[in-house]
Protein chains: 2
Amino acid sequence: MAKLVVLYKTPADKAAFDKHYFETHIPLAKKIPGLTSYEVSKGAVGSPGGESGIHLVALLEFESFAALRSGLGSPEAGAAVADVPNFASGGADILMFDTIEV
Amino acid sequence: MAKLVVLYKTPADKAAFDKHYFETHIPLAKKIPGLTSYEVSKGAVGSPGGESGIHLVALLEFESFAALRSGLGSPEAGAAVADVPNFASGGADILMFDTIEV
């Protein structure tokens, strides 16, 4: 399996972020070819020290890193990426990696 | 479901990190009560800009946030946490959250 993890930093307007993310961004991102699972954080993203500075975490799964790369090269992914500046006013960090169950 | 995500920043000695993580830390962390799935990144952790600064990502899953909290309060989790300074010379960010499939 391979994962794309998006760490959305706390935006200026959390309610506007959530509305746009759930109503507009998820439907766009779900169209990315090869996506096999899509989970998002629900409620606060905590850290051992308290506030994490992260508002929402998205975990997108693909069968393989090749499938992830191919999916990200698609027009559907292009549309999802182009939508990010419309709501992610706090910025976002994106990580991509192959995974193994241990 | 609930997830504990650990983002290990690039350590001074990657080979030493990997040896300790796979031989010592994983066996300790697998003893945490309530853990239902444990995935780690395999190979490079990339980002759209290239280097992510992250050496390894660990994704630990629990049935619920209550189970995660309970697991983290266990002596087994205490032993795993106490082991982190033995290998994570670059530091680590830890995130904890409930998840929903979308």
Side-chain angles (χ1 to χ4, degrees), chain A residues 1-9 18 21-23 25-30 35-61 64-66 68-69 72-73 77-78 80-81 84 91-102, chain B residues 1-9 18 21-23 25-30 35-61 64-66 68-69 72-73 77-78 80-81 84 91-102:
Chain A
M1 302 290 220
K3 278 201 165 67
L4 175 74
V5 177
V6 188
L7 306 166
Y8 290 102
K9 295 172 196 172
D18 290 348
Y21 190 82
F22 285 89
E23 292 181 4
H25 192 69
I26 287 176
L28 284 172
K30 285 186 83 164
L35 183 65
T36 57
S37 164
Y38 184 1
E39 281 178 292
V40 301
S41 57
K42 181 185 174 188
V45 178
S47 76
E51 293 264 328
S52 67
I54 303 295
H55 178 61
L56 186 139
V57 179
L59 302 148
L60 283 75
E61 194 169 77
S64 64
F65 203 78
L68 184 156
R69 281 215 169 279
L72 289 189
V81 169
V84 171
D93 287 332
I94 300 174
L95 302 173
M96 302 176 290
F97 49 88
D98 245 322
T99 62
I100 47 167
E101 180 85 25
V102 294
Chain B
M1 302 291 221
K3 279 203 165 66
L4 175 74
V5 177
V6 188
L7 306 165
Y8 290 102
K9 296 172 195 173
D18 290 348
Y21 189 83
F22 285 90
E23 292 182 3
H25 192 70
I26 287 176
L28 286 173
K30 286 186 83 165
L35 183 66
T36 57
S37 165
Y38 184 2
E39 282 179 292
V40 301
S41 59
K42 182 184 175 189
V45 178
S47 76
E51 292 264 330
S52 67
I54 303 295
H55 178 61
L56 186 139
V57 180
L59 302 148
L60 284 74
E61 193 168 76
S64 65
F65 203 77
L68 185 156
R69 281 214 170 278
L72 289 189
V81 169
V84 172
D93 287 333
I94 300 175
L95 302 173
M96 302 176 289
F97 49 89
D98 245 321
T99 62
I100 48 168
E101 180 85 26
V102 295

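Both backbone and side-chain heavy atoms feed into the values below; hydrogens, waters and symmetry mates do not.
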Pairing residues for B/Glu61 by the side-chain hydrogen bond (donor to acceptor under 3.5 Å, both in side chains) criterion, not counting sequence neighbours: B/Lys3

Over all atoms of both residues, closest heavy-atom pair of A/Ile100 and B/Lys42: CG2-CD, 3.5 Å

B/Ile26 versus chain A, the contacting section by heavy-atom distance below 4.5 Å: side chain

Region of B/Leu59 in contact with chain A, defined by heavy-atom distances below 4.5 Å: side chain

Positions in residues 49-57 of chain A that reach chain B, provided some heavy atom is under 4.5 Å away: A/Ser52, A/Ile54, A/Val57

Close side-chain approach of B/Leu7 and A/Val5, heavy atoms under 4.5 Å: no

CZ-CD distance between A/Phe97 and B/Glu39, expressed to the nearest 0.5 angstrom: 8.0 Å

Part of B/Phe22 within contact of chain A (heavy atom distance under 4.5 Å): side chain

Exercise: identify the closest heavy-atom pair between B/Pro48 and A/Met96: N-CE, 3.9 Å

Among the listed options A/Val45, A/Asp98, A/Leu72, the residue most often paired with chain B at heavy-atom distances under 4.5 Å: A/Asp98

